[in-house]
Engineer: 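First the structure, then my questions, so here it is.
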Amino acid sequence: MPEESRATLTTERLLLRPQRVQDAGVFRRLWTERDARVPPHRRIDAEGHPTVAEIADGIRRESSRTPPGLLTVVLRESEAVIGYCGLVFDGDGDGGGERPELAFELLSAVHNRGYATEAGHAVIAWAREAGFPRLWASVWDWNLASRRALEKLGFVDTGTVVKESAYGRSLLTVREPRD
């Protein structure tokens with residue numbers, strides 16, 4: 001699908017746009033910044049995978065996917081790529097991938113500035129317009145910053161533990177439709 005026909009969202013400080021191959025370097029940096037408690041398959045392995053080239057290949061494969069999906073988060077003022085935010089349908093929820101899950105990850109240099117919440121609000125509005133009024137998100141119990149952002153976005157803990165492992169417990173949260 002041509003990029004111009006895919007979703008682009010604008011907030012006061014952010015632009016959320018389709019991912020581009022040139023975003024791969026920033027996305028790999030996100031992999032390097034992940035907490036040691038994140039399971040190994042979501043961190044850079046001993047051989048240095050995924051590489052920037054492998055991430056770029058993933059972006060190419062996903063570029064033909066019909067939205068909604070993950071969008072690149074860009075600071076409007078500087079045009080710097082700072083992470084991603086959007087919806088995934090292959091998450092850890094017990095809906096077999098049928099539930100839209102909000103996902104976000106931003107570079108550590110921009111944490112604690114409200115960008116995740118701002119991007120999340122834009123994606124929630126986008127999802128509602130696309131016919132997804134109810135959203136889910138899974139979050140590690142130890143990831144207090146993401147749990148706070150989800151709470152600000154109106155997500156509540158369902159009491160369901162999606163995964164439990166040596167890396168912690170992955171909690172399922174939900175944001176119910178609002179009038």
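When a residue number appears, it is its place in the shown sequence, counting from 1. Quick caveat: nothing in here was measured; it's all calculated off a predicted structure.
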Engineer: Glu118 vs Arg13, test: salt bridge (charged side-chain N to carboxylate O under 4.0 Å, His left out). Steps then yes/no.
Structural biologist: CA-CA 8 Å; Glu118 187 172 332; Arg13 302 178 295 166; 2.6 Å; yes

Engineer: Answer with yes or no whether the side chains of Thr72 and Gln19 bring together a donor and an acceptor at under 3.5 Å.
Structural biologist: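 No donor-acceptor contact under 3.5 Å links the two side chains.
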
Engineer: Is any side-chain heavy atom of Tyr167 less than 4.5 Å from a side-chain heavy atom of Pro40?
Structural biologist: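 Sidechains of Pro40 and Tyr167: in contact.
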
Engineer: Under the salt bridge (Lys or Arg N to Asp or Glu O under 4.0 Å) test, which residues partner Arg43, sequence neighbours left out?
Structural biologist: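 If we apply the salt bridge (Lys or Arg N to Asp or Glu O under 4.0 Å) test to Arg43, skipping adjacent residues, there are no hits.
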
Engineer: Would you give the length of the straight line joining atom CZ of Arg76 to atom OG1 of Thr10, rounded to the nearest 0.5 angstrom?
Structural biologist: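 Answer for the CZ-OG1 pair, Arg76 versus Thr10, is 5.5 Å.
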
Engineer: Any chance you could measure Leu135, atom CG, to Arg175, atom CZ, to the nearest 0.5 Å?
Structural biologist: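 Reported to 0.5 Å precision, the distance equals 7.0 Å.
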
Engineer: Do the non-hydrogen side-chain atoms of Ile82 and Val26 ever get within less than 4.5 Å of each other?
Structural biologist: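 Side-chain contact under 4.5 Å: no.
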
Engineer: Can Arg147 and Glu151 be said to form a salt bridge (charged side-chain N to carboxylate O under 4.0 Å, His left out), step by step?
Structural biologist: CA-CA 6 Å; Arg147 289 175 68 184; Glu151 185 177 303; over 6 Å; no

Engineer: Looking at every non-hydrogen atom in both residues, tell me the closest pair between Val21 and Ala56 and how far apart they are.
Structural biologist: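 Closest pair (atom of Val21, atom of Ala56, distance): CG1-CB, 3.6 Å.
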
Engineer: Please report the interatomic distance CG(Leu150) to OG1(Thr173), rounded to the nearest 0.5 Å.
Structural biologist: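 Leu150 CG to Thr173 OG1: 5.0 Å, rounded to 0.5 Å.
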
Engineer: Side-chain heavy atoms nearer than 4.5 Å, only ILVMFWY residues, links allowed to pass through others: does that put Phe27 and Leu15 together?
Structural biologist: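 Yes, because Phe27 and Leu15 connect within a single hydrophobic cluster, where side-chain heavy atoms sit under 4.5 Å apart.
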
Engineer: Do Leu9 and Leu71 have side chains that get closer than 4.5 Å, going by heavy atoms?
Structural biologist: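 Sidechains of Leu71 and Leu9: in contact.
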
Engineer: Which heavy atom of Leu87 sits nearest a heavy atom of Pro100, and at what distance?
Structural biologist: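 Minimum heavy-atom contact is CD1-CB, 4.3 Å.
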
Engineer: Side-chain contact, heavy-atom cut-off 4.5 Å: Ile124 with Phe155?
Structural biologist: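 Yes, their side chains come closer than 4.5 Å.
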
Engineer: Which distance, rounded to the nearest 0.5 Å, do you find between the NE2 of His111 and the CZ of Arg113?
Structural biologist: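 These two atoms lie 10.0 Å from each other.
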
Engineer: Can you tell me if CG on Asn112 sees more than 12 non-hydrogen neighbours from other groups inside 6.0 Å?
Structural biologist: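 At most 12 heavy atoms, drawn from other residues, nucleotides or ligands, come within 6.0 Å of this atom.
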
Engineer: How long is the span from the CG atom in Asp141 to the CD atom in Glu164, to the nearest 0.5 Å?
Structural biologist: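 Between Asp141 CG and Glu164 CD, I get 8.0 Å after rounding to 0.5 Å.
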
Engineer: Evaluate Thr117 against Leu153 for side chain to side chain contact (heavy atoms under 4.5 Å, CB included), listing each step before the verdict.
Structural biologist: CA-CA 6 Å; Thr117 305; Leu153 291 167; 4.0 Å; yes

Engineer: Which pair of non-hydrogen atoms, one from Gly83 and one from Leu30, has the smallest distance, and what is that distance?
Structural biologist: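 Reported closest heavy-atom pair: CA-CD1, 4.0 Å.
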
Engineer: Kindly confirm or rule out a cation-pi arrangement of Arg42 over Trp31, judged by NZ or CZ under 6.0 Å from the six-membered ring centre and within 45° of its axis?
Structural biologist: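 Yes, cation above the ring, under 6.0 Å and within 45°.
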
Engineer: When you compare the side chain of His49 with that of Thr51, does any pair of heavy atoms fall below 4.5 Å?
Structural biologist: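 SC-SC contact between Thr51 and His49 confirmed.
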
Engineer: Is the closest basic N to carboxylate O distance between Glu54 and Arg28 below 4.0 Å?
Structural biologist: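 No salt bridge links Glu54 with Arg28.
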
Engineer: Do Val174 and Val156 have side chains that approach each other closer than 4.5 Å (heavy atoms only, starting at C-beta)?
Structural biologist: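 In short, these two side chains touch, coming nearer than 4.5 Å.
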
Engineer: When rounded to the nearest 0.5 angstrom, what distance separates CD in Glu105 from SG in Cys85?
Structural biologist: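 One finds 11.5 Å between CD of Glu105 and SG of Cys85.
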
Engineer: Quick check on the hydrophobic clustering: are Tyr84 and Val38 connected, directly or via other members, by side-chain heavy-atom contacts under 4.5 Å?
Structural biologist: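 No: no chain of side-chain contacts under 4.5 Å links Tyr84 to Val38.
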
Engineer: Are Asp57 and Arg60 close enough, and set up right, to give a side chain to side chain contact (heavy atoms under 4.5 Å, CB included), and what steps lead you there?
Structural biologist: CA-CA 5 Å; Asp57 286 345; Arg60 280 187 202 93; 2.7 Å; yes

Engineer: Mind checking whether Leu107 and Val81 have side chains closer than 4.5 Å, heavy atoms only?
Structural biologist: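 Not touching, per the 4.5 Å side-chain cut-off.
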
Engineer: How close do Ala122 and Thr11 get, counting heavy atoms only, and between which atoms?
Structural biologist: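 Closest heavy-atom pair between Ala122 and Thr11: CB-CG2, 3.6 Å.
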
Engineer: Is any side-chain heavy atom of Trp136 less than 4.5 Å from a side-chain heavy atom of Leu102?
Structural biologist: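 Answer no - side chains too far apart.
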
Engineer: Determine, stepwise, if the pair Leu70 / Phe104 fulfils side chain to side chain contact (heavy atoms under 4.5 Å, CB included).
Structural biologist: CA-CA 8 Å; Leu70 294 177; Phe104 55 86; over 6 Å; no

Engineer: What's the verdict on side chain to side chain contact (heavy atoms under 4.5 Å, CB included) for Leu14 and Tyr115, showing C-alpha distance, side-chain angles and the deciding distance?
Structural biologist: CA-CA 8 Å; Leu14 305 173; Tyr115 294 138; 3.7 Å; yes

Engineer: Quick check: are there more than 12 heavy atoms from other residues, nucleotides or ligands sitting under 6.0 Å from CD of Glu176?
Structural biologist: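 Yes.
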
Engineer: Pair Asp23, Arg17 - check salt bridge (charged side-chain N to carboxylate O under 4.0 Å, His left out), show working.
Structural biologist: CA-CA 11 Å; Asp23 301 335; Arg17 59 156 173 77; 2.8 Å; yes

Engineer: Test of understanding: clusters of I, L, V, M, F, W, Y form through side-chain heavy atoms closer than 4.5 Å, transitively. Do Val162 and Trp140 belong to the same one?
Structural biologist: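 No, separate clusters.
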
